[in-house]
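Take a look at the structure below.
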Amino acid sequence: MGSTLRITPPEDYRLSRDACSYGYFLLAPNRWHPSTQTFTRVLATDAGVTRIAITQPGIGERLTLRCDRTLDRASQQQVRAGVSRMLRLNEPAKTIAAFHKVDKRWKKSGRGRLFRSPTLFEDIIKTVTSCNVQWPSTVHMNRRLCEVLGDKHDAGGSFPASAKVARTRPSTLRARCRFGYRDARTVELAKLHRKGAIDEAWLEDPATPDDDVRTFLISLPGIGPYAAANIMQLLGRYAHLPLDTESVRHGKVVLGMTGTDAKIMKKIDAHFAPFGEHRFRSYWFELWAFYESKRGPAHTWDQDEVGSTFTASQL
DNA sequence: GGTAGACCTGGACGC
DNA sequence: GCGTCCAGGTCTACC
């Protein structure tokens with residue numbers, strides 16, 4: 001008999017739309033179940049590891065979190081905080097409306113929130129695992145990382161805490177999690193996080209300028225311009241675009257751009273400039289709409305199939 | 001400031 | 001089954 005928690009989301013919140021909005025919802029330990037429209041994941045708390053299952057009966061209605069073990073008050077708070085961060089429940093309807101005012105294309109569907117991880121550390125590591133590989137490798141690295149280093153649960157491992165990764169040998173990440181040359185960089189990132197050198201409050205503080213955040217992130221091992229821009233959107237800073245080969249494909253195929261890859265990236269940057277501080281969301285939902293036009297709505301995707309085949313060249 | 005090449009892995013391809 | 005090539009972003013050395 002486990003605990004059941006309930007969270008009241010913003011009035012426009014729709015779980016199937018807002019959870020299935022960014023690729024990380026497909027990465028371990030996250031799992032979306034299309035047949036029941038349920039999100040599950042194994043989550044570590046100070047009191048132990050639990051599997052949570054999140055459902056919502058309808059738009060704006062309360063989210064139900066079913067945990068497979070009974071949680072004490074402190075653990076309940078940790079679960080609530082993690083789920084709130086992951087599902088962007090702190091983004092009220094009015095900030096989404098502000099985005100729709102700038103980019104009216106998404107007003108009807110209501111898109112605006114982007115899925116992320118329960119912790120910044122997980123977002124950073126997931127970003128590193130998405131660099132210089134195709135999607136199936138990112139899927140594999142995250143699954144192995146949870147299996148090898150996560151707290152064990154019948155439903156799979158949790159995402160490991162920075163303290164655990166910091167104690168891990170780079171060779172373990174390389175040999176057992178297929179991290180390749182990202183091994184030492186990942187351990188170094190974990191050490192920096194564990195000792196408090198990555199200050200989430202400062203990074204999320206609206207008073208901290210974007211340029212300062214970007215400069216800091218690029219100073220971290222394994223983080224370059226693409227990864228920094230991606231982590232910034234995960235932090236809620238949407239003014240920069242993480243430009244990669246996928247952006248170039250989008251520029252060519254959807255926007256009809258021509259020229260070298262470098263020129264197309266500059267054109268994309270300029271193309272989305274009018275959306276200002278909402279730039280990334282306009283860019284991303286355009287990409288997402290393209291994927292959904294090929295594969296159907298994201299909340300219907302089969303996770304195993306998408307995990308093994310989802311690459312831009314196959315769309 | 002710009003650029004070439006190395007870094008790893010997994011998949012595609014040819015033999 | 002084996003070898004080769006390629007895609008992917010970051011980092012370093014070099015101009």
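By convention in this document, chain letters (A, B, ...) are assigned in the order of the sequence lines, proteins followed by strands, and residues within each chain are numbered from 1. Bear in mind that the values here come from a model prediction, so they are computed numbers and not experimental data.
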Value in whole Å for how far the C1' atom of B:dG5 lies from CG of A:Asn132:
13 Å

Less than 6.0 angstrom separating the ring centers of A:His193 and A:Phe121, yes or no?
yes

Any chance the side chains of A:His33 and A:Thr40 put a donor and an acceptor closer than 3.5 Å?
yes

Nucleotide nearest A:Ser137 when distance is taken to its side chain, options C:dG9, C:dA7, B:dG10
B:dG10

Establish, with yes or no, whether the OP1 or OP2 oxygen of B:dT9 is under 4.0 angstrom from a side-chain nitrogen or oxygen of A:His140.
no

Checking all strands, does A:Leu243 fall into the base, sugar-phosphate, or nothing category for heavy-atom contacts under 4.0 angstrom?
nothing

C:dG8 phosphate, OP1 or OP2: any side-chain N/O from A:Thr245 under 4.0 angstrom?
yes

Measure centre to centre between the rings of A:Phe115 and A:Tyr24, then say whether the value is under 6.0 Å.
no

OP1, OP2 of B:dG10 versus side-chain N and O of A:Arg178: anything below 4.0 Å?
yes

Rounded interatomic separation in angstrom, taking OH from A:Tyr181 and C1' from C:dT10:
6 Å

Distance check needed: C:dG9 C1' versus A:Lys126 NZ, whole Å only.
19 Å

A:Asp244 atom CG is separated from C:dT10 atom C1', nearest whole Å, by 13 Å

In whole angstrom, what separates A:Ile231's CD1 from C:dT10's C1'?
13 Å

Do the side chains of A:Leu65 and A:Thr4 get nearer than 4.5 Å, heavy atoms only?
no

Does A:Tyr226 get its side chain close enough to the base of C:dG8, under 3.5 Å, for a donor-acceptor pair?
no

Let me know the distance between CZ of A:Arg182 and P of C:dC11, rounded to the nearest Å.
12 Å

Rounded to whole Å, please give me the gap between CD1 in A:Ile218 and P in C:dG9.
15 Å

How many whole angstroms separate atom CZ of A:Arg185 from atom P of B:dA6?
15 Å

Distance below 4.0 Å between A:Arg174 side-chain N/O and B:dC8 OP1 or OP2:
yes

Do the charged groups of A:Glu204 and A:Arg237 touch, with an N to O distance under 4.0 Å?
no

